[in-house]
There are 2 protein chains.
Amino acid sequence: MNQPKKLNTPSVAPIKCSQCPIRHRAVCARCDDDELEILESMKSYKTYAAGDVILWRGEPLEFVASVVTGVATLSKTMEDGRTQMVGLLLPSDFIGRPGREQIEFDVTATVDVTLCCFDRPRFESLVCETPHIAQRLMELALDELDAARDWMLLLGRKTAREKIATFIEMLARRSSHGQDGSKDVIDLHMTRDQIANYLGLTLETVSRQFSALKKDGVIDFSDRKHFTVEDIAALQDETGDDADGGVVY
Amino acid sequence: MNQPKKLNTPSVAPIKCSQCPIRHRAVCARCDDDELEILESMKSYKTYAAGDVILWRGEPLEFVASVVTGVATLSKTMEDGRTQMVGLLLPSDFIGRPGREQIEFDVTATVDVTLCCFDRPRFESLVCETPHIAQRLMELALDELDAARDWMLLLGRKTAREKIATFIEMLARRSSHGQDGSKDVIDLHMTRDQIANYLGLTLETVSRQFSALKKDGVIDFSDRKHFTVEDIAALQDETGDDADGGVVY
DNA sequence: CGTGAGATTGACTATATTCAACCCTAGTGG
DNA sequence: CCACTAGGGTTGAATATAGTCAATCTCACG
């Protein structure tokens, strides 16, 4: 953010896989040293500045990649401009799929992003030869599928207030710095418009619901991008989800 | 339907994998004869009558399975009863995931269903040893992920009319018997309520939109469960999707 | 200090939901 | 054989929720 905006650098000096921050969570998580060496030899890094489009929908998919740092979004846009985010990519998440020539949605960097890229055809043959990669890719896909299904419930059935509460609770859980119960300052590194596209709302409705939750003492904004959760219990009540996360009868 | 309702039979006589109707599409699609023999020895069939619940959310997941015949749905229900379908399982689709003890949603048979089941722990070790299974499972998961993401756009951004048009077009495409352009009678084997839960609407809205499309001459109902598409072009216009399926600039 | 992108707020409107009455139709039992 | 019933389905009227349009505000940045 406070760094100068850099142009879309085609590749930067790679770090060693063994020291990679996503080594044990990304597509390479199950790989042994030999397999890692193959990946090491074919990987290249690319960086994108906040706001850059990483891939356009329909574009031929020349590489697949893991997110090393930063956050990217997947989104679909209709002819008349209505758009819906269909996924959030955090470090260790995977972009692209073996066997597909094109990508079905736009991929955009919301903050500065570094990708660890692999040439798609070469990666595809590697998937066939290296069971550890297919296994991990399966796990990643199934995890994303679970997340997508939770999101479908939100999009199809939750009210605006429930959507916002769910979103905030997700952020709160994700950014809880160690000790529980503390009122961390949470960074909302998205615009109201992006949040609206994520939740299937308009930006005005997002703004109104934030204001309402603030008025009700559930959250408090220090500025437009930073807030604290004042009443976690109330927040969880508002999400519409079961109390303990799903296993209630 | 016209057969007597049978009780939930724990297992029925299995057919040979080599003659299985889903042999080349299911999780076993890439398996060679040796691998198939292992699967053959551990599989068992279960059948469920239309309306039966196959698995309840939160239930310990003792088996994983492929759908051999019939249709099942995945759905999530909120405390107050609002429910959202999050997936449709057709023959060759897979239920359950290795590495998860519990299932996150209800699985229900909408018509009579036959499953090809595998004991979960044994299947999990097989996934580790048999790359062809992990590869195929990855492909199936990625396909479902693509479908889930299309559905997210529908749920988050489409109007009631667009949702219904998309739904009908999906049915029309799926049940087109060979020659294109013919007016096939399409079987709507779901109630208005189930359709509503699928599309994130109420059953009244579903009914109203069907009536409106009929009045506009786009579709025609012979009875409540059967209709024909009278104007495919108009139907596609109403879906809100791009004309040729997505790759337009 | 001016500018512009993003955010907030208000007034009005549209869309889909809710509530309720009524209608089919298939299946049941007298 | 026919009337009754129940589970879906349709339709209408009133309502609520979120969307649209528009004015104003805030704040970071040049």
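These numbers were taken from a predicted model, which means no experiment stands behind them. Chain letters run A, B, ... following the sequence lines, proteins first, then strands; residues in each count from 1.
Here Glu169(B) pairs with Arg173(B) in a salt bridge; the nearest charged N to carboxylate O distance falls below 4.0 Å. Arg174(A) has no carboxylate O lying under 4.0 Å from a charged side-chain N of Asp184(A), or vice versa, which leaves the two without a salt bridge.
A close approach under 4.0 Å does occur between a side-chain nitrogen or oxygen of Arg192(A) and OP1 or OP2 of dT8(C). For the pair Lys225(A) and dA7(C), the criterion of a side-chain N or O lying under 4.0 Å from OP1 or OP2 is met. Within the structure, every side-chain polar atom (N or O) of Thr205(A) is placed at least 4.0 Å from both OP1 and OP2 of dT17(D). One finds no side-chain N or O of Thr191(B) lying less than 4.0 angstrom from the OP1 or OP2 phosphate oxygen of dG8(D).
The side chain of Arg208(A) lies closest to dA11(C), out of dG6(C), dA11(C), dA20(C). Listed nucleotides dA18(D), dG19(D), dT18(C) differ in distance to Thr202(B); the shortest reach to its side chain belongs to dT18(C). With distances taken from any side-chain atom of Ser207(A) to the nucleotides dG9(D), dT8(C), dT18(C), the minimum falls on dT8(C). Listed candidates were dG8(D), dG6(C), dA18(D). Nearest to the side chain of Arg224(B) is dG8(D).
Between the P atom of dT17(C) and the CG atom of Asp193(B) lies a distance of 12 Å, rounded to the nearest Å. Straight-line distance from the CD atom of Gln194(A) to the C1' atom of dG6(C): 11 Å, rounded to whole Å. Look at CZ on Phe227(A): it is 16 Å from C1' on dA7(C), rounded to the nearest Å. Spacing between atom NZ of Lys158(B) and atom P of dT15(C) amounts to 17 Å, rounded to whole angstrom units. As a whole-Å value, the separation of Gln84(A) CD from dG19(D) C1' is 15 Å. Taking atom CD of residue Glu204(B) and atom C1' of nucleotide dC23(C), one finds them 15 Å apart after rounding to whole Å. To the nearest angstrom, P of dG6(C) lies 14 Å from CG of Leu188(A). For the pair Phe221(B) CZ and dC24(C) P, the interatomic distance rounds to 16 Å; values are reported in whole Å.
Considering every non-hydrogen atom in both Glu79(B) and Gly240(A), the closest pair reads OE1-O, 3.7 Å.
DNA chain D is contacted by no residue of residues 161-171 of chain A, taking any non-hydrogen atom closer than 4.0 Å.
Taking the six-membered ring where the residue is Trp, Phe221(A) and Phe210(A) present perpendicular rings, their angle passing 60° and hence far from 30°.
In this structure, Asp223(A) and Gln209(A) both approach DNA chain D, and ranking their closest nucleotides by distance from the 5' end singles out Gln209(A). When each of Phe210(A) and Arg157(A) is assigned the nucleotide of DNA chain C bearing its nearest heavy atom, the one mapping closer to the 5' terminus is Phe210(A).
Here the CG-CD1 distance, from Leu235(B) to Ile168(B), works out to 6.0 Å after rounding to the nearest 0.5 Å. Distance check: His226(A) NE2 to Leu188(A) CG gives 8.5 Å after rounding to the nearest 0.5 Å.
Geometrically, Lys163(A) does not engage Tyr198(A) in a cation-pi contact defined by less than 6.0 Å to the ring centre and at most 45° from the axis.
Other residues, nucleotides and ligands contribute only 12 or fewer heavy atoms inside 6.0 Å of the CZ atom of Arg25(B).
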